[in-house]
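Here the structure comes first, spelled out in structure tokens, and everything after it is commentary.
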Number of protein chains: 2
Amino acid sequence: MKDKVEDKKTALLQAALKLFTEKGFHGTSTAQISKEAGVATGTLFNYFPTKEDLINGLYFDVKGKLSRGMSKDVDSQNTFQDKFRKMWYNLIEWGLNNQEDFRFVNQFCSSPYITDYTREVVMEEYVFYHDLVMEGIASGEFGDYPEGMIISMFYQSSRTIVDFILYSEPHDKNKAIEDGFQIIWEGLAKK
Amino acid sequence: MKDKVEDKKTALLQAALKLFTEKGFHGTSTAQISKEAGVATGTLFNYFPTKEDLINGLYFDVKGKLSRGMSKDVDSQNTFQDKFRKMWYNLIEWGLNNQEDFRFVNQFCSSPYITDYTREVVMEEYVFYHDLVMEGIASGEFGDYPEGMIISMFYQSSRTIVDFILYSEPHDKNKAIEDGFQIIWEGLAKK
DNA sequence: TCTAGAATTGACTAAATAGTCATTCATACA
DNA sequence: TGTATGAATGACTATTTAGTCAATTCTAGA
């Protein structure tokens, strides 16, 4: 049955997510992943021929979810600043609601186990984001900074704020999110 | 002889730095580290009883160097902004000139292999930095943001700019550094 | 030069690893 | 009900791992 097949694959991905994030790629054995997923050791290799295939599949999966979470309702915003604010809030909320996924992506985004091919395929889902930044530069909303710098600063700032909220546990979470947006927007906007 | 002892210890730390950064903690065997350092497998365990002691020693070492690099000549600056600009430039230059060290610190700063004790001891070297940020908040140079948020945003931005320079290879490195400072300063400063 | 103590060595071990494969099991259809 | 197909299993293997330790080499002072 199709559902059961997907069940086991999903269970394996979920187990891998948890363990890779917690103990790293080499720190997690395939036996542990199988056990956590509740399947036999051989089953893992039915779905993912090698351990590297597993982490690449997982990376693709999680990056896709992040992309969809980030872009939600952005189009329906009126001003450019509102589009970016919406994206900011989406990103932070997604990070807070999907902590393991967020940590996984950030931990493995520059890992040698993720192949160039995986990176390429994943990149396609972020074209809308690049386009939006280009638009902001062209229309003079942003200061005269390179596209790649704006993108990295924005994304890394979201990581920083998510970590800040999780680690420092501020009494007013929403203020922390808005503070973060103020900092990055004031930093990047044209003066 | 004292020098030779230090030689081997240094060689081991250097080898571990290179390999841990490249292949991760579990991805690097103690045998590889010994080989890279040009010593026997047993020698590693003379200096560091366990592999975890090795990475903790390394973390302590590198964090100390980073702290000293960051704070150089900051005291002799006149204005508050100049102190922060100096620290920004120090940080970026140190990151560019010590890429492996920088990558290592950033990769392992939230790793489970680094003990709470190591973190505590390391923290002591960053008191001056915390004090400076507190001073900036008190004197109204910074906007009304939590101390921890300012510290994280500043440091993570430096990571972002170092990575941007290394990965995007902009034609004008110095403009990228100053751009980065503008972004983070405009973001954090009181309006 | 001789020697005591420390540093260095690398063969060794018990445990763990990624991946295999012959066997068993579940399902869907005739 | 009988059976054919593919999924699931877990014992197994060849290799690799962190760490040990008895033997060797080096060093500094007498």
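The shown structure was predicted, so the numbers you read here are calculated from the model rather than taken from an experiment. Lettering of chains follows the sequences in order, A, B, ..., and the numbering in each one begins at 1.
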**Q.** Ring centre gap for A:F20 and A:Y59 strictly below 6.0 Å
**A.** no

Q) Think A:Y47 has a side-chain N or O under 4.0 angstrom from the OP1 or OP2 of D:dA7? A) no

Q) Can you name the closest pair of heavy atoms from A:M149 and B:G180 and give their distance? A) SD-N, 4.4 Å

Q: Look at the side chain of A:N46 and decide which nucleotide, out of D:dA8, C:dT8, D:dA18, has an atom nearest to it.
A: D:dA8

Q: Assign B:S29 to base, sugar-phosphate, or nothing according to its heavy-atom contacts below 4.0 angstrom with the strands shown.
A: sugar-phosphate

Q) Can you check the B:I33 CD1 to D:dT16 P distance for me, whole Å? A) 17 Å

Q: Select base, sugar-phosphate, or nothing to describe what A:S34 touches, counting heavy atoms under 4.0 Å on all strands.
A: nothing

Q. What is the distance from NZ of B:K51 to P of D:dT20, rounded to the nearest Å?
A. 15 Å

Q.
Please tell me if B:T43 has a side-chain N or O lying less than 4.0 Å from either OP1 or OP2 of C:dT8.
A. no

Q | Nucleotide C:dG10, atom C1' - distance to NZ of B:K8 in whole Å | A | 14 Å

**Q.** For atom NE2 of A:H26 and atom C1' of D:dT16, their distance in whole Å
**A.** 12 Å

Q.
What is the distance, to the nearest angstrom, from the CZ atom on B:F48 to the C1' atom on D:dT20?
A. 18 Å

Q. In whole angstroms, how far is the C1' atom of D:dA18 from the CD1 atom of B:I55?
A. 15 Å

Q: Would you indicate which nucleotide in C:dT9, D:dT9, D:dA18 comes nearest to any side-chain atom of B:F45?
A: D:dA18

Q: Between C:dT9, C:dA18, D:dG19, spot the one nearest the side chain of B:T50, thanks.
A: D:dG19

**Q.** Separation of D:dG19 P from B:L12 CG (nearest whole Å)
**A.** 14 Å

**Q.** Distance, rounded to the nearest Å, where B:L44 contributes CG and D:dT20 contributes P
**A.** 12 Å

Q.
With hydrogens left out and only the distance checked, is there a donor-acceptor pair under 3.5 Å joining B:T41's side chain and the base of C:dA11?
A. yes

Q: Give the C-alpha distance, both sets of side-chain angles, the deciding distance and a yes or no for side chain to side chain donor-acceptor pair (under 3.5 Å) between B:D7 and B:T10.
A: CA-CA 5 Å; B:D7 269 5; B:T10 304; 5.7 Å; no

Q: Check A:H26, A:E52, A:K51 against A:Y113 for a side chain to side chain donor-acceptor pair (under 3.5 Å) and give me the one that passes.
A: A:H26

Q | Aromatic plane relationship, A:Y126 with A:Y129 - under 30° parallel, 30 to 60° tilted, over 60° perpendicular | A | perpendicular

